[in-house]
2 protein chains.
Amino acid sequence: MHTRERILKAAAEMIAEDATTTLSVRAVAARAGVSTGSLRFHFPTQRALRDEVLTRIYQHFIPDDPIRDSSRPARDRLVDCLRQVLAAAGVGDEARTAWSAVYQQFIAPEPSAKVRTAYRAYERVSADRVEYWLGVLADEGALPREDFAPKVQFLLTVLNGLSVQRALPSGESVLQAETETLYIAADAVLGSGSP
Amino acid sequence: MHTRERILKAAAEMIAEDATTTLSVRAVAARAGVSTGSLRFHFPTQRALRDEVLTRIYQHFIPDDPIRDSSRPARDRLVDCLRQVLAAAGVGDEARTAWSAVYQQFIAPEPSAKVRTAYRAYERVSADRVEYWLGVLADEGALPREDFAPKVQFLLTVLNGLSVQRALPSGESVLQAETETLYIAADAVLGSGSP
DNA sequence: ACCTGAACACCGTTCAAGT
DNA sequence: ACCTGAACACCGTTCAAGT
């Protein structure tokens with residue numbers, strides 16, 4: 001087995017065991033049984049390592065997600081993906097109990113180190129997922145390749161806002177309002193105003 | 001001047017010079033002319049320092065009614081207004097207790113007619129405010145006069161997302177992340193990327 | 001009570017040196 | 001071409017010791 005694969009396997013195992021883990025150079029290298037220098041040779045930066053690991057994980061878990069269907073407009077696909085995240089938030093009572101859990105877990109208690117790392121783990125999973133989608137769309141040229149960080153942050157904020165609005169007493173046409181908001185957000189990220 | 005103030009001043013200066021900066025223990029301590037231990041004495045954790053600095057920045061950075069100051073770019077003014085809403089959400093513990101109130105009032109109880117109308121009233125105040133800002137900017141021609149409803153909805157969602165993120169265990173550079181998100185949102189509403 | 005600075009246990013990256 | 005591991009320049013936190 002090639003060194004590169006050993007490194008990726010070690011990293012994947014560590015993430016599987018604990019999604020909180022930071023995948024530090026030394027930890028991954030030790031687990032893979034290689035030196036830090038060797039790891040750096042194959043992955044010029046820690047970020048490069050993480051990106052590679054993530055693409056594999058997402059490819060494995062969701063092979064046929066909407067983002068890959070390049071026959072549809074980029075913005076429609078991005079909105080669908082965001083909606084997929086939102087679906088997990090539930091509607092009505094489900095949304096309320098879901099947010100109760102979030103509240104009890106992350107907002108009510110003092111933000112101790114434990115609480116903080118737990119939330120970070122949760123947050124990072126979402127961020128990575130969104131970043132992955134943007135990466136795919138960037139490969140198609142649907143948006144510039146630059147740094148996605150601000151756009152990821154922005155989309156996560158919109159998702160947070162929408163999911164909390166699902167838990168709050170809602171207005172009449174939730175679905176329509178959400179759709180409009182999601183398309184405004186998608187267009188903001190993809191740069192153009194109309195398809 | 002007390003040590004504590006010297007530390008806060010040094011940190012504020014560093015952020016003013018570069019909003020990206022991480023405010024490391026040693027850098028702030030050196031600039032303030034105190035030891036790292038002393039800094040730790042006054043601020044038990046780096047996060048405590050950052051929270052304190054942020055509250056001060058938000059307290060001092062808000063001018064009154066920025067929307068009418070037509071000498072400045074529309075997007076800057078809109079962002080300032082949104083920031084003003086956000087300032088009410090507080091930072092750190094304040095944000096947590098604020099969201100606890102929202103949770104207990106609107107999410108935890110069954111959405112009875114009473115709860116629902118109470119929330120609607122609260123929601124409409126925010127919506128009217130945002131709509132007012134968009135109206136002013138539309139008068140200047142900064143955005144089309146069409147129906148603002150979807151844009152108002154969108155901005156309220158972003159504000160909801162940001163304020164809940166303040167209550168959740170936050171990452172390092174909250175200020176920078178919020179600023180970037182607010183500008184993306186403002187540009188999405190104003191239609192163009194530049195003033 | 002306030003402050004010091006060394007020490008600890010971590011980071012990610014670089015690089016001369018080996019095979 | 002691939003790999004090693006020491007070295008560098010950082011982190012945040014702890015803590016015995018001083019005043």
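Proteins get letters first, then strands, A, B, ... in listed order; numbering begins at 1 in each.
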Just how far, in rounded Å, is [atom2] of [N] from [atom1] of [X]?
X: B:L49; N: D:dT13; atom1: CG; atom2: C1'; result: 14 Å
X: A:D51; N: C:dG12; atom1: CG; atom2: P; result: 14 Å
X: A:R26; N: C:dT14; atom1: CZ; atom2: P; result: 13 Å
X: A:L39; N: C:dC11; atom1: CG; atom2: P; result: 13 Å
X: A:R4; N: D:dC2; atom1: CZ; atom2: P; result: 11 Å
X: B:H42; N: C:dC2; atom1: NE2; atom2: P; result: 7 Å
X: B:R40; N: D:dC11; atom1: CZ; atom2: C1'; result: 11 Å
X: A:R6; N: D:dC2; atom1: CZ; atom2: P; result: 15 Å

Side-chain ion pair, [X] and [Y], N-O less than 4.0 Å:
X: A:D93; Y: A:R96; answer: yes
X: A:R56; Y: A:E5; answer: yes
X: A:E178; Y: A:R83; answer: no
X: B:R47; Y: A:E110; answer: no

Look at the side-chain N and O atoms of A:S38 and state whether any lies under 4.0 Å from the OP1 or OP2 oxygen of D:dC2. no
Nucleotide of [options] approaching [X] most closely (side-chain heavy atoms):
X: B:T36; options: D:dG12, C:dA6, C:dT4; value: C:dA6
X: A:Q46; options: D:dG12, C:dT13, C:dC3; value: C:dT13
X: B:S35; options: D:dT13, C:dC3, C:dT13; value: C:dC3

Let me know, please, whether B:T45 or A:F41 comes out on the 5' side of the other along DNA chain D by nearest nucleotide. A:F41
For A:S24, report the nucleic acid contact type (base, sugar-phosphate, nothing); a contact means any heavy atom under 4.0 Å. sugar-phosphate
Are more than 12 heavy atoms from other residues, nucleotides or ligands located less than 6.0 Å from atom OH of A:Y183? yes
Side chain to side chain contact (heavy atoms under 4.5 Å, CB included) for B:L162 and A:N160? Distances and angles first, verdict last. CA-CA 8 Å; B:L162 287 174; A:N160 263 333; over 6 Å; no
Residues 30-41 of chain B side chain polar contacts: donor-acceptor under 3.5 Å, at least two apart:
from, atom 1, to, atom 2, distance (Å)
B:R31, NE, B:E13, OE1, 3.1
B:R31, NH1, B:E17, OE1, 3.2
B:R31, NH1, B:E17, OE2, 3.4
B:R31, NH2, B:E13, OE1, 2.9
B:R31, NH2, B:E17, OE2, 2.8
B:S35, OG, B:S38, N, 3.1
B:R40, NH1, B:F43, O, 2.8
B:R40, NH1, B:Q46, OE1, 3.4
B:R40, NH2, B:Q46, OE1, 2.7

Can you list the stems that include DNA chain D, where a stem is three or more consecutive Watson-Crick or G-U pairs with distances under 3.5 Å? C:4-8 with D:12-16, C:12-16 with D:4-8
